[in-house]
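Report on one structure; see the data block that follows.
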Number of protein chains: 2
Amino acid sequence: MTAVSSPLISVAIVEDDEGIRESLAAFLGRARGVRCTAVYSNAEDALREFKIQTPDVVLMDINLPGMSGIDATRELKQLRPDARILMLTVYEDNKALFDSLKAGACGYLLKRTASDKIVAAIREAREGGMPLTPRMASKVAAYFQNKDTVGGELDKLSQRERRTLELLSEGFLYKEIAEKMGISYLTVHQYTKHIYEKLHVHSRTEAVVKYLRH
Amino acid sequence: MTAVSSPLISVAIVEDDEGIRESLAAFLGRARGVRCTAVYSNAEDALREFKIQTPDVVLMDINLPGMSGIDATRELKQLRPDARILMLTVYEDNKALFDSLKAGACGYLLKRTASDKIVAAIREAREGGMPLTPRMASKVAAYFQNKDTVGGELDKLSQRERRTLELLSEGFLYKEIAEKMGISYLTVHQYTKHIYEKLHVHSRTEAVVKYLRH
DNA sequence: GCGAACATACCCAGTTCTGGGTATTCACAG
DNA sequence: CTGTGAATACCCAGAACTGGGTATGTTCGC
């Protein structure tokens with residue numbers, strides 16, 4: 001709104017598959033309002049160039065030979081905090097999505113996304129938006145619902161589960177916890193299953209990290 | 001040395017086993033320089049009384065019905081910071097030892113300790129000492145060697161080990177870490193072995209806790 | 001007095017971690 | 001140039017954890 005509407009948004013592509021890279025570039029060349037200023041087949045080359053000149057928006061593949069697109073995103077954001085990076089990948093992968101956002105990507109698209117949607121996403125990214133597929137968006141929403149209720153999640157634990165988590169956080173083995181709490185090893189086992197379920201985690205370490213962040 | 005030598009040291013016993021409790025009390029009754037002023041079979045009763053009158057030294061069992069001796073120690077020290085509490089237990093348990101000391105106990109004895117040694121320990125406790133069995137003492141010494149270098153311990157890690165620990169702290173599996181770092185699963189395995197060795201821990205959670213405390 | 005939540009305990013199968021090795025390559029200090 | 005440390009990779013065995021069940025009794029609210 002307040003931004004000066006620049007005539008052209010410069011876009012760089014980082015993508016190892018030559019076919020995809022070229023067709024993307026060609027397509028951006030025909031699109032109005034955007035200009036494809038550079039293409040790279042790997043993250044290292046791209047980063048080197050970006051130190052000299054950074055485009056408005058980067059379309060970044062995740063699976064790259066050598067450095068991953070996510071690591072590259074992290075580095076680029078460190079170098080240019082206002083860089084706008086759109087992840088472009090084939091998988092609708094939960095972890096990749098969140099890792100990308102944590103690394104500093106501003107959006108996450110699937111390669112099978114229709115071309116005109118990609119241009120729209122580039123504009124949206126430029127304007128500070130967060131272009132995501134609807135499904136991705138709902139995952140992000142769900143994530144923050146959890147995020148906001150981390151304390152709330154802990155509240156869902158019963159007394160004994162909380163105590164168990166406390167001891168888990170101190171690194172005790174199940175059998176040691178059982179001894180300390182005067183219950184069976186199997187009960188401790190059961191508690192941890194409940195804890196993981198309630199905290200939406202899949203390992204002791206993840207549970208402990210949530211717990212230690214109160 | 002500088003302390004006024006009081007004629008009698010008042011001692012309270014908190015111990016749930018009646019046999020041990022009585023024989024301890026009887027034995028203290030016969031010993032010179034000490035006076036057993038109270039016995040309790042659980043922590044709750046003892047704490048209630050201590051709010052009114054605190055003995056010079058408390059002999060505290062660890063395994064008690066209800067509140068543990070360690071928790072009772074913590075509470076009593078909060079109430080009376082200058083209370084002298086000697087833990088008395090059957091197990092030579094590393095963790096119990098350190099938990100006791102962290103809770104505020106001034107010493108840690110095994111129940112099989114010879115009676116005259118117990119009186120000596122009570123005197124030592126009264127005079128500000130830290131009565132421990134030789135084996136316990138060496139464990140404490142080792143602990144502080146580590147404790148003073150917690151930051152230093154982390155410094156001992158190589159670059160890759162540090163990165164591995166960072167990822168371990170985020171709850172990733174070995175194989176995921178391997179992928180992220182572009183190395184073999186087996187190498188991650190090797191790194192964690194080194195990390196555990198350098199940090200003197202035996203599980204991922206313990207390592208993570210040390211790491212998160214920077 | 002019924003259903004929900006909690007605490008307890010057990011089974012099983014599969015995965016992951018832990019801790020003991022060995023070994024090569026490379027770089028750097030002495 | 002020899003030794004040390006870092007980084008890499010592998011083997012093995014056993015311990016521990018994870019996740020899917022089931023089952024019982026208690027307590028508490030409706």
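Every chain is numbered from 1 and lettered A, B, ... according to where its sequence line falls, protein lines coming before strand lines. Below, each value reflects all heavy atoms present in this structure, side chains not excepted, and no hydrogens, waters or symmetry copies.
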Nearest heavy atoms of A/Thr192 and A/His189, plus distance in Å: OG1-O, 2.8 Å

Does A/Glu22 have more than 12 heavy atoms from other residues, nucleotides or ligands lying within 6.0 Å of its CD? yes

Over 12 foreign heavy atoms within 6.0 Å of CD, A/Glu166: yes

Check every strand shown and say whether A/Ser184 touches a base, only sugar-phosphate, or nothing at a heavy-atom separation below 4.0 Å. sugar-phosphate

For A/Ile183, which contact category applies under a 4.0 Å heavy-atom criterion: base, sugar-phosphate, or nothing? sugar-phosphate

Please state how far atom [atom1] in [X] lies from atom [atom2] in [N], giving the value in whole angstrom units.
{"X": "B/Arg204", "N": "D/dA15", "atom1": "CZ", "atom2": "C1'", "result": "16 Å"}
{"X": "A/Glu206", "N": "C/dC17", "atom1": "CD", "atom2": "P", "result": "11 Å"}
{"X": "B/His194", "N": "C/dC17", "atom1": "NE2", "atom2": "C1'", "result": "16 Å"}
{"X": "A/His200", "N": "D/dT18", "atom1": "NE2", "atom2": "C1'", "result": "17 Å"}
{"X": "A/Phe172", "N": "C/dC17", "atom1": "CZ", "atom2": "C1'", "result": "19 Å"}
{"X": "B/Glu179", "N": "D/dA9", "atom1": "CD", "atom2": "P", "result": "14 Å"}
{"X": "A/Gln159", "N": "D/dC28", "atom1": "CD", "atom2": "P", "result": "14 Å"}
{"X": "B/Tyr185", "N": "D/dC12", "atom1": "OH", "atom2": "P", "result": "13 Å"}

Summary of protein contacts for nucleotides 19-28 of chain C, nucleotide by nucleotide, where a base hit scores B, a sugar-phosphate-only hit scores S (4.0 Å, heavy atoms): BBBB------

Would you please classify the geometry between the A/Tyr174 ring and the A/Tyr185 ring as parallel, tilted or perpendicular, with 30° and 60° separating the classes? tilted

Here's a test for you: under side-chain contact (heavy atoms from CB on, under 4.5 Å), which of B/Thr187, B/Ile183, B/Val188, B/Leu165 qualifies with B/Ile177? B/Val188

Do any side-chain nitrogens or oxygens of A/Tyr174 fall under 4.0 Å of OP1 or OP2 in D/dT18? yes

Any idea which of C/dC10, C/dC6, D/dA9 is nearest the A/Leu186 side chain? C/dC10

If I take atom CG from residue A/Asp17 and atom CZ from residue A/Arg21, how far apart are they, to the nearest 0.5 angstrom? 8.0 Å

Do the non-hydrogen side-chain atoms of B/Glu44 and B/Leu47 ever get within less than 4.5 Å of each other? no

